[in-house]
Amino acid sequence: MSGQPAQTPAPYVSPGPQTTAFEVLERTTSAFSFYGVLARFVQWLERSGRTLVIALPFLWLGLFFLAPFLIVLKLSFSETVLAVPPYAPLVAWLEENGLSYLTVRLNLSNYLLLFEDSLYVRAFLNSLRISAVATFLTLCVALPLANAMSRAPERWRALLLMMVILPFWTSFLIRVYAWIGILKPEGILNAVLIGLGVISEPLTILNTDIAVYIGIVYSYLPFMVLPIYASFEKMDPSLIEAAVDLGSPPIKAFWTITVRIALPGIIAGCLLVFIPAAGEFVIPDLLGGSETLMIGRTLWLEFFNNRDWPLASAVAIVLLAALTVPIVLFQRHQARRGGTDGAS
Amino acid sequence: MTAPDLPAALAPDARLPAEPWNDPKATPLIKIRNVIKRFDGFVAVDDVWLDIYKGEFFSLLGPSGCGKTTLLRLLAGFEQPTSGTIEIDGVDMADVPPHRRPVNMMFQSYALFPHMTVEQNVGFGLKQEHVPRREISRRVGEMLELVQLADLGRRRPHQLSGGQKQRVALARALIKRPKLLLLDEPLGALDRRLREQTQFELVNIQETLGLTFIIVTHDQDEAMTVSTRIAIMDRGRTVQVGTPGEIYEYPNSLYVAGFVGDVNVFEGRVVEAGKDHVTVRSPESGCDIYTDRGIDAVPGQEAYAAIRPEKIEIGKAPPADARFNCVTGRVFDIAYLGSLSTYHVRLATGEVVKVSAANRSRLVERPITWEDQVWLWWPPSASVVLLS
């Protein structure tokens, strides 16, 4: 729309109500002209630029987290049918006795089955157990590693950090596969141990829980090391000296001062390992045995082998709920501490 | 290591507290013997020999990188000497780890534990000794009283000001009543006014508790104010050890003279040296400098006469006896400091001499001003002749 009439100057402008009417006209028409629209848009952008910046991540989360989550949630309440896709719609238009109904059928049997069938309960508990043990083992490896890294001469630290991150540059799947070659009965580990005379019979490690632990510790170690290293590295080294100076043996000072102050980093590292490890599918599938029951694997079997999408969705929802609890607890803990972490 | 022939003014006086370093029978609390500390390829502490006595407030003074902090860390046990021994109260510290030493340290960064309250920070040392909780809280209360922080016990370090943090760090280091307290630049982070006030408090606390303090500082005023004795350090070595008075009045080298206070130095040659006097002829000053304190030198030897600015008289008329210790020049700069004015006088030889004089009269009545021809003179006791 062109603003031509508004831009032609009025030949005669008299004071009074006519002028007002003209001004109103001018304002309204110019508002629809190209520049008017543009100016208004820029003005709006200036006013709500901040809102826009904040809205962007929300939009992203809404699109790629909330929407899929709602789809899965919906799926978990539907019924399995032999069709494509293999589930019945939740909302249906029903005509009965000449009356029309909009029906919403929430099928709770998927959830009930999860708690009734001991297989799923065991799979859940087993996942949490394996994940917890693996997280603890990862912490045991990561703490001394991060401590050594943070105390290394400064010129080495970048290199050490690089060495921790470097494995990420190779495919996760290939790295887990490589462990099969190491752990299998005629693999590298057994060959070395037999060669050294430590054992005479090959150890059965592959296809046991131990192999799964090894796989998780190896794969998730960087997620644990990096946050812990970050909190160790920014700590004033004189804090530990002060503790030792006041009579605390160095080992005790490490636990009561260094670890205590780095606790937020340690908890973050534990969550970063525990949460993905609990839903882990590849590692138990490749390294675990047939009796290594983990929920990620169960979910995969339900989805692909049984084509029971609703049940698989219910498993996913319950897993999500179970894993949200530690995060909420962590955030509560952080909020309670208030900003006291700032090492000063 | 005290000056060989102590002048009467500095000799032990009945009015002054005992000076154990002048008593040959006194046993030092700390014996540092030929201590050397090398970090790969670089000598941080170079053959230091020091005796420090109980009740002293001893300063290690020097520019940054002179090894004073390393010496402190050797005493605390955070570093091990490459060679030499350190004895504290008769016990060789070679095999004693830092957490077993009867020594506590106050860190330059204060190193307060951020996750503990002020009370927990102060009580930390006692908790390590498994002192009963009731006893801990009583002694923490006393200590917080002493450093005037009694009502801040429940705060955390990030809620404290710099001065308050400094006091918490001091209280924490003092609570175990260590035989020796090490203070690494304890007042470095405070502003000037607070620093001056805290200096006196430190001395009071030290005297009240009867402890031995060793303080590391690069601030000569601070060292002069608080110390019983000062060790001036340069490149890992102790250059001179003495009371603030000895260091200031009888520096043993140009380095010490220049490090502590302001000084005018005239380069010249010894004309005559006796047991109780030295005459130095300095082309820079244009006059002979006569000093009433003898040194071991031969005529013709290169020497430096050092004179403090406040010991020089300034006047517009020549003094009665202008044969010795008298120069003339023009005022080219005046630094007005309120209580003092420092006159920068350029001699005919181009040499600039600094003279400071108390402003007894008001500035408007100032008798000496820019471009005035002035005479400068000083008594034989004002100068010191140095050979290096």
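Throughout, protein chains are lettered first and strands after them, A, B, ... in sequence-line order, and every chain is numbered starting at 1. Reckoned from all heavy atoms, side chains included, excluding hydrogens, waters and symmetry mates.
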Residue A:Arg129 excluded, over 12 heavy atoms near CZ under 6.0 Å: yes

Region of B:Phe107 in contact with chain A, defined by heavy-atom distances below 4.5 Å: side chain

Pick from A:Ala253, A:Pro237, A:Pro249 with the largest number of heavy-atom pairs that fall under 4.5 Å of chain B: A:Pro249

Choice from A:Ile257, A:Asp245, A:Val244 maximising heavy atom contacts with chain B below 4.5 Å: A:Asp245

salt_bridge(B:Glu135, B:Arg138) N-O dist < 4.0 Å: yes

Pairwise distance CD1(A:Ile295) to CD(A:Glu280) - rounded to 0.5 angstrom: 13.5 Å

Portion of B:Met116 that has a non-hydrogen atom of chain A nearer than 4.5 angstrom: side chain

Nearest atoms (heavy-atom pairs only) where A:Asp236 meets B:Ala111: OD2-CA, 4.4 Å

B:Arg172 portion near chain A, given a 4.5 angstrom heavy-atom threshold: both

For chain B, the option from A:Pro250, A:Ala243, A:Ser248 that forms the most heavy-atom pairs under 4.5 Å: A:Ser248

B:Pro81 to B:Leu74 - nearest heavy-atom pair and separation: N-CD2, 3.4 Å

